[in-house]
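Here's the structure we're looking at; comments come further down.
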Amino acid sequence: MTSKNLKKLFLFVLFVSILGSLSAQDSQKALHDEALAFMNMYNETIFKSQDKLTIFKKKGNISKLGTEKTTGDISGTLTYSCKVKGMGGDAKLIYENYSDFPGIVINGESNILAKMNLHGWMYGMTTVTNEKGEFLGTIDYSKLEIIHSVDGGGGYTVTLAGKEPVWIQWDEVERPADRVMEYTD
């Protein structure tokens, strides 16, 4: 093989390699966008379910202590329970076959462990299926930071059916205007 042919072969391999890299980046972006759209759809149900709770929405740490239960518009229950734990509180939101919208059924927990200053971390995982029980995805809360009682750092790990887990930064997720807070820290 001549040096001219080697040069052509090298350039061809380089070109194919660059195309492959761009294709992989496009594929990752598409998967991220799909996971973010799923997360935004999921959050519609989460926010609607939380709006049905009364103790959960109260202002002040002590007033949030207690237990209550609500039902989904279509099926299932959401149980809220908050207890003192150490120098803070442990709030549990437990979803059991919960559905407010057709096609979305939530099972699992999204819990908050926070100090008296309302800063802490979430923990737990929820699984989303459709009404036939077919797996759609999971939301892992274990890397989500809480600031002033709401998400304020970190993010979610979203795993869609048959796909690799995707990291979604907390501030990428859509939320109703009344859930957006200005932080003064």
Side-chain angles (χ1 to χ4, degrees), residues 16-53 56-57 68-82 90-114 120-147 149-180:
V16 169
S17 174
I18 290 171
L19 280 180
S21 174
L22 292 175
S23 176
Q25 289 173 354
D26 289 345
S27 174
Q28 284 295 93
K29 170 126 177 54
L31 179 56
H32 179 271
D33 291 348
E34 185 181 357
L36 181 57
F38 176 81
M39 185 71 193
N40 287 331
M41 175 194 66
Y42 164 85
N43 259 359
E44 286 184 44
T45 297
I46 295 301
F47 288 136
K48 185 173 181 181
S49 72
Q50 292 173 357
D51 285 343
K52 295 176 183 180
L53 298 171
F56 177 78
K57 295 187 306 183
E68 66 180 310
K69 189 179 228 175
T70 190
T71 58
D73 291 347
I74 296 173
S75 68
T77 59
L78 165 60
T79 303
Y80 168 80
S81 175
C82 185
D90 188 7
K92 296 182 182 291
L93 293 151
I94 302 169
Y95 291 86
E96 296 180 75
N97 295 313
Y98 188 92
S99 180
D100 278 331
F101 301 106
I104 301 173
V105 179
I106 300 173
N107 282 286
E109 298 185 23
S110 63
N111 306 314
I112 303 165
L113 187 58
W121 290 92
M122 287 192 74
Y123 65 99
M125 181 181 288
T126 55
T127 299
V128 183
T129 60
N130 63 22
E131 57 276 341
K132 296 176 186 173
E134 298 167 328
F135 176 76
L136 301 176
T138 59
I139 312 293
D140 181 349
Y141 289 90
S142 64
K143 305 262 192 258
L144 187 63
E145 184 180 0
I146 299 301
I147 300 174
S149 295
V150 296
D151 53 347
Y156 310 83
T157 302
V158 178
T159 305
L160 302 176
K163 310 240 172 123
E164 294 293 316
V166 176
W167 174 257
I168 302 292
Q169 190 72 22
W170 75 275
D171 56 356
E172 292 181 86
V173 179
E174 293 175 9
R175 58 193 37 82
D178 65 338
R179 303 285 175 124
V180 178

What's the separation between atom [atom1] in [X] and atom [atom2] in [Y], rounded to the nearest 0.5 Å?
X	Y	atom1	atom2	answer
E96	T79	CD	OG1	5.5 Å
T45	D73	OG1	CG	9.5 Å
T129	N97	OG1	CG	7.5 Å
Y156	M122	OH	CE	7.0 Å
N43	K48	CG	NZ	14.5 Å
L78	E68	CG	CD	8.0 Å

Would you indicate whether the side-chain heavy atoms of [Y] and [X] approach each other to under 4.5 Å?
X	Y	result
T126	Y141	yes
Y42	L136	no
I46	I106	yes
N130	V105	no
E44	I104	no
P102	I74	yes
W167	T157	yes
E34	K163	yes

- Nearest atoms (heavy-atom pairs only) where Y98 meets K52: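 The answer is OH-NZ, 3.1 Å.
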
- Please step through side-chain contact (heavy atoms from CB on, under 4.5 Å) for the pair V128 and M41, ending with a clear verdict. CA-CA 11 Å; V128 183; M41 175 194 66; 5.6 Å; no

- For Y95 and S49, does a side-chain donor sit closer than 3.5 Å to a side-chain acceptor? yes

- Got a donor-acceptor contact below 3.5 angstrom from the N111 side chain to the L93 backbone? yes

- Message: Within the supplied structure, the quantity of interest is the number of heavy atoms (other residues, nucleotides, ligands) at a distance under 6.0 Å from K143 NZ; does it exceed 12?
- Response: no

- Atom CD of E134: over 12 foreign heavy atoms under 6.0 Å: yes

- Item | Partners meeting ring pair (Phe, Tyr, Trp, His ring centres under 6.0 Å) with Y80 (sequence neighbours left out) | F56

- Item | Residues that S142 engages under side-chain hydrogen bond (donor to acceptor under 3.5 Å, both in side chains), provided they are two or more places apart | D140

